[in-house]
Visitor: 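Could you have a look at this structure, given as structure tokens, before my questions?
In what follows, chains carry the letters A, B, and so on, assigned in the order in which the sequence lines appear, proteins first and then strands, with residues in each chain numbered from 1. Just so you know, these numbers come straight off a predicted model, no measurement behind them.
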Amino acid sequence: MTAVSRAWGRLTLPGRIVFTLVPLLAVLGAGLVALIVLFGGTAADLILANLGFVRFLAAATIILVITIPIAFLNIYLEMKVIALMNLRVGPDRVGPWGSLLSVVHGLKVLIKEDFTPTAADPIVFTWAPVVTYAAAVMTLLVLPFAPGLYGQDFNIGLLYFFAVGGMGVVGLLMGGWSSFNKYSLLGGLRSAAQIVSYEIPLTLSVVGLLILAGTMSLNQIVQQQSGWFTDWFVFRQPLGFVIFFIAATAEANRTPFDLTEADSEIVAGFATEYSGMRFGFFFFAEYVNVFILSALAAVLFLGGWNAPFPFPALSIPLYPGSLGIPLLFLIALVPIIGTLALAAPFYLARSSMRWWVALIIGFVLFNVVAGGLTFAWAYVSFDWVAGLVWFMAKTFGFVFVFVWMRGTLPRVRIDQLMGFAWKWLLPAALLNLFVTAAAVVIVGS
Amino acid sequence: MSMNPIRLVPGSGMVRGMALTLRRFFEPKATIRYPEVRADIPPKFRGRLQLLYDEYGTLKCETCFQCAQACPIECIDMGGMDTKGRFHVHWGAAETYGERREESALRRSGRTVPDPAYDHFEGVDVGAVDDILEGFDHDPAHLLAILEATQAHYGYLPVGALKRISQVTGTWYAQIYGTASFYGHLRFEPPALLEQAAAMAARRPAEQAFLAGLGASLSGGGGDDA
């Protein structure tokens, strides 16, 4: 016993963690293997028998979980891009180029006190962020990320999107009302007025596109835009796209339409009395909303997962299994040989370089090269990887534009905001709709 | 003034703003990552002003005011009391310390600042001001009349009297000062000084005549270098 305790005492902290984790993982892995062997067949049968239910569970879990990295990425982009536009460096301490700062922000929000004002309506106050967040998350269900990678292919997907997305304002109104604070109430009322007003041009701007597409299924809308980038709906509905983008900015409460949380006028709007994770949920929902509206803009007008040009169909005849035993040697040797080969030029070129530094550089380079090759292979071989790449590129392009606008444009006045929606956007959307309908009738007849 | 016609297009400002921020996005950044990178500072930069203590914990400063006199931009200033009325040497910008704040306000108002080291600020007896205000029913609407009455009593407008008016009537001091400085017949300096200056000026021709006579009697050449 003393020998064991002495050996334990000599270990450093990482050593202790490894010595605890390795046996634990071994036991857990063995148990998992045993479970799969014993009950795997039955479980597979059960899943296959209830595929719809399992798919629903998986989709619900994934859309809930995927909001976290999406929101973190958006928050990081917001901090970094605006900083760069202000000639600052922005976050650069936590993680590579500060990319983990938003995670730290999330943790900070988690450990803060969750405060409820005395006169607040506690039930409504508690549920307000949940409603907002749920509305944002549920719209993710119909977004087609890539071929075959979507929660559900509704034939009324777009309608569902607008209906559920419009529920977010209920949460904001709940938060504003129940906080028992005039700034919160003003923020909530402003958000209600703003979002209800902009919902109309937002929806009407898409109706012209629906006439052209003939369907409300987001999946089919994307499929109709395949081919060259000239097939994208943005070239057939330019006015609709502009109206959609402006209305989406207002829907997401983004600058220059962020009247609901205008800090210089009404402290923080509906979020004034919120703290801790409830506040965090509001802001999670806001950033998820930015992503969702960007994704919808990409899906409706920029061809969603489609590449801007028809990619020549390549297929790499890669059947590693056919190599047999030599595959094992390949797996064992390629990393070593690759690392050495990439390290050699650095070691030989500079006499001052230590051998282990060269090895580290070679290892990192090998990882980059191998990762790049694997990615290229996946891009060529799997439709959904290529689709996801293009979808994310377009979506984050829009997110960048949102952040860019926030870094540039000042906030509008509330009367300008409402006047713009009702006097300019709505007539423009109606014009777009009528012109599109007339064009369809003339071309069709 | 030729205007770029593009600027007349509504909404072009937004586009130009967006272009500006996008350009900034790619420009080199102004931030200095401090602990790793040190800024290039001028060699005479001395950093933050700080008083040094010796090994016994006693202040090394002797309050000799030499640093304050040497400071070219008058950012060093000294006072002898802390906020609790104990003797304590401190320094820094004048606005930082309680007893300097009034001075600082005087300085910003453009009037001469009494130097506490040589010339103590003499308060005035404000009882007369109270009587005058009583006569005007403490109504700041009659500010000019109040000021004229005050000047008639004191001969000029002492700061203490103006402050008393501000305190009693609730008018901002800046407003009273503005009113007083607007009218040419109201003055902030005691007339004694003005009379003295006039007397000095009146004596000047006699002085010059005396000097000229002196120079002539000494050399006969001229009184230029007398």
Visitor: Would you give the length of the straight line joining atom CG of Leu22(B) to atom CE of Met85(A), rounded to the nearest 0.5 angstrom?
Guide: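 CE of Met85(A) is found 5.5 Å from CG of Leu22(B).
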Visitor: Tell me if the CZ atom of Arg16(B) is crowded by more than 12 foreign heavy atoms within 6.0 Å.
Guide: yes
Visitor: Flag yes if more than 12 heavy atoms outside Arg354(A) fall under 6.0 Å of its CZ atom; otherwise flag no.
Guide: no
Visitor: Less than 4.0 angstrom from a charged side-chain N to a carboxylate O is my criterion; do Glu27(B) and Arg88(A) meet it?
Guide: no
Visitor: Restricting to non-hydrogen atoms, name the atom on Thr21(B) and the atom on Thr408(A) that form the minimum distance, rounded to 0.1 Å.
Guide: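 Heavy-atom minimum between the residues: OG1-OG1, 2.7 Å.
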Visitor: I'd like to know which of Arg23(B), Arg33(B), Met14(B) tops the heavy-atom pair count under 4.5 Å against chain A.
Guide: Arg33(B)
Visitor: Distance from Ile82(A) atom CD1 to Phe25(B) atom CZ, nearest 0.5 Å?
Guide: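 The CZ atom of Phe25(B) is 11.0 Å from CD1 of Ile82(A), to the nearest 0.5 Å.
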Visitor: Can you confirm whether Tyr154(B) is buried at OH, in the sense that more than 12 heavy atoms of other residues, nucleotides or ligands lie under 6.0 Å from that atom?
Guide: yes
Visitor: Is the CZ atom of Phe363(A) crowded by more than 12 outside heavy atoms at less than 6.0 Å?
Guide: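 Counting other residues, nucleotides and ligands, CZ of Phe363(A) stays at 12 neighbours or fewer.
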Visitor: If I take atom CG from residue Asn86(A) and atom NZ from residue Lys29(B), how far apart are they, to the nearest 0.5 angstrom?
Guide: 9.0 Å
